[in-house]
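Order of listing sets the numbers, starting from 1, for every ligand and every atom in it. Quick caveat, the model's predicted, so the values are computed rather than measured. Any value given below was found using the heavy atoms of this structure, including those in side chains, with hydrogens, waters and symmetry copies removed. This chain uses plain numbering: 1 for the first residue, then up along the sequence.
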Amino acid sequence: MHSIDRTSIGGIAAARIAELRETEAAAFRKARPKSEAKVGNGMAGFLGGVPMHWMTDWPTPFPILVEGAKGATITDIDGNKLDDFCLGDTGSMLGHSPPAVARAIRRQAGRGLTYMLPSEDALAIGPLLQQRFGLPYWQIATTATDANRFALRVARAVTGREKILVFNGCYHGSVDETMVRLIDGKPVNRPGLAGEFRDLTRATKIVEFNDMAALEAALANHDVACVITEPVLTNSCMVLPAPGFHDALRRLTRAAGTLLLIDETHTISTGPGGYTKKHGLEPDLFVLGKPVGGGVPASIWGMSEEVATRYGAYNRTKEPGYSGMGTTLSANPLQFAAMRATLEEVMTEEAYAHMDRLARRLDAGLTAVIDRYHLPWHVARVGARVEFICALGPLRNGGEAEKAHAPELEAAIHVALVNRGVLIAPFHNMMLISPATTAAQVSRLIAAFGAVAARLAA
Ligand SMILES: Cc1ncc(COP(=O)(O)O)c(C=O)c1O
């Protein structure tokens, strides 16, 4: 991997990055006078000037004030149209307001929005989940964070073990017990956690992704209830599993009596059944959030026959009382309607074939730009999810990914892309292809990336 020093970031001189950021910020403002007047100084009534704190984490001088979004296009209140490759950080991976989902929501809108009782759509969803993801028992929650929390609770309940294990660089939502990091090889609470007073490393073990020896050692005491992981580490640049990783992970967890929770919230980009289906993984617990309701907040979590049996036995002996799982608005009829439409009509093989084809084209186009300008960067892809990384690759683990991040450079590129009509995800360089994304949009992204790279490399 190339070294990062103060004068060069991702192979680009720091002064050139600063200059790009400044000129692009000015261009961003110039194109958005109405937006700047409304949100340039923050939005009234909100802590920090925004309704959700990470709206200020976008690298643009102020948040893009959205007038509407359809398909894979966002329009702001100044009339600027953006080809949207961020897609709500996967929440809209299947496109903004897919017509089938919009119809289902409209149909449900007049029939009640929440009642703690099932609707007929729920009857269809159970079998759909069984067929698609291959696990027999499912529950519905509202966020992937909650689904992960509940699945981890079940894992602890059935194993009678307190500890869990995560891979360095992981993100599974704001699940407290996954918020640990390896720093200089030492497990610590993830830096920056607000109000966290516990030592999370007491009950959470952490090893590097793709380090099977470290995993084997960490499981050796047979005290870990569950390994929770994404099949590809997508929240740490993008780290692909080494050949044999998943086989070894499954073998080692089984040998240690440890359950395996696969979180497919991002890797559902792989196909309609996620990475799990495509690669024949055999998780005990499975989580999918964000896009599963086509943009309506919804998540699902499933378990194997064996886990369900053990959980049943556990429940028969557990003292009566609240399980600590469930939120009031979960499994509501709006979610059922949206999820059914998403599963039946949007997450189809044909849609994924289109997404995959365009993602391949994007991967090749970005790689060609990187090669043309001899940049020490690389591109990684899992199905319809593509990411450029401003460091050499491939990356093997979260520790390497941490060093590969180039926040100043990435921020300058992001704003420059917006000014060229393209929106990619903040915090990382993720680009998603939806069923609604067109070849022309992909070509525009490649051209915009090429123009920005040319400026940086000049
Ligand atoms: C892999 C993974 N799991 C879970 C989550 C949490 O999703 P949510 O914020 O909707 O709870 C995220 C969020 O980015 C994620 O990337």
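Among all protein heavy atoms, the one lying closest to atom 13 (C) of ligand 1 is Lys290 NZ, 3.1 Å. Scanning the protein for heavy atoms near atom 9 (O) of ligand 1, the closest one is Thr145 OG1, 3.9 Å. Shortest contact from atom 4 (C) of ligand 1 to any protein heavy atom: His172 C, 3.3 Å. If you check which protein heavy atom lies closest to atom 3 (N) of ligand 1, you get Asp263 OD2, 2.6 Å. In this structure, atom 7 (O) of ligand 1 lies nearest to the protein heavy atom Ala144 CB, 3.3 Å.
Ion pairing between Glu282 and Arg254 holds under the 4.0 Å rule for side-chain N and carboxylate O. Between Arg360 and Asp356 there is a salt bridge, with a side-chain nitrogen of the basic residue lying less than 4.0 Å from a carboxylate oxygen of the acidic one. A salt bridge does not link Asp121 to Arg111: none of the charged nitrogens lies less than 4.0 Å from a carboxylate oxygen. By the 4.0 Å N-to-carboxylate-O rule, Arg381 lies close enough to Asp363 to be salt-bridged with it.
His172 pairs in a side-chain contact (heavy atoms from CB on, under 4.5 Å) with only one of the listed residues (Thr145, Ile228, Thr265, Leu261), which is Ile228. A side-chain hydrogen bond (donor to acceptor under 3.5 Å, both in side chains) with Ser330 is found for exactly one of Thr142, Thr114, Asp146, namely Thr142.
By the criterion of a heavy-atom distance under 4.0 Å, the side chain of Asn235, and not its backbone, is placed next to ligand 1. The side chain of Thr265, and not its backbone, has at least one atom closer than 4.0 Å to an atom of ligand 1 (non-hydrogen atoms only; side chain from C-beta on).
Aromatic rings from Phe209 and Phe245 are positioned such that their centres are separated by under 6.0 Å.
Within the listing of ligand 1, atoms 11 (O) sit less than 4.0 angstrom from a heavy atom of Thr143. Each of the atoms 4 (C), 5 (C), 6 (C), 12 (C) of ligand 1 lies under 4.0 Å from some heavy atom of Gly173. The atoms of ligand 1 that sit less than 4.0 Å from any heavy atom of His266 are 14 (O), 15 (C), 16 (O).
For the residue pair Asn419/Glu24, the side-chain donor-acceptor check at 3.5 Å is satisfied.
Taking any N or O of Asp146, backbone or side chain, none lies under 3.5 Å from an N or O belonging to ligand 1. Looking at ligand 1, you won't find any N or O of Glu230 less than 3.5 Å from one of its N or O atoms.
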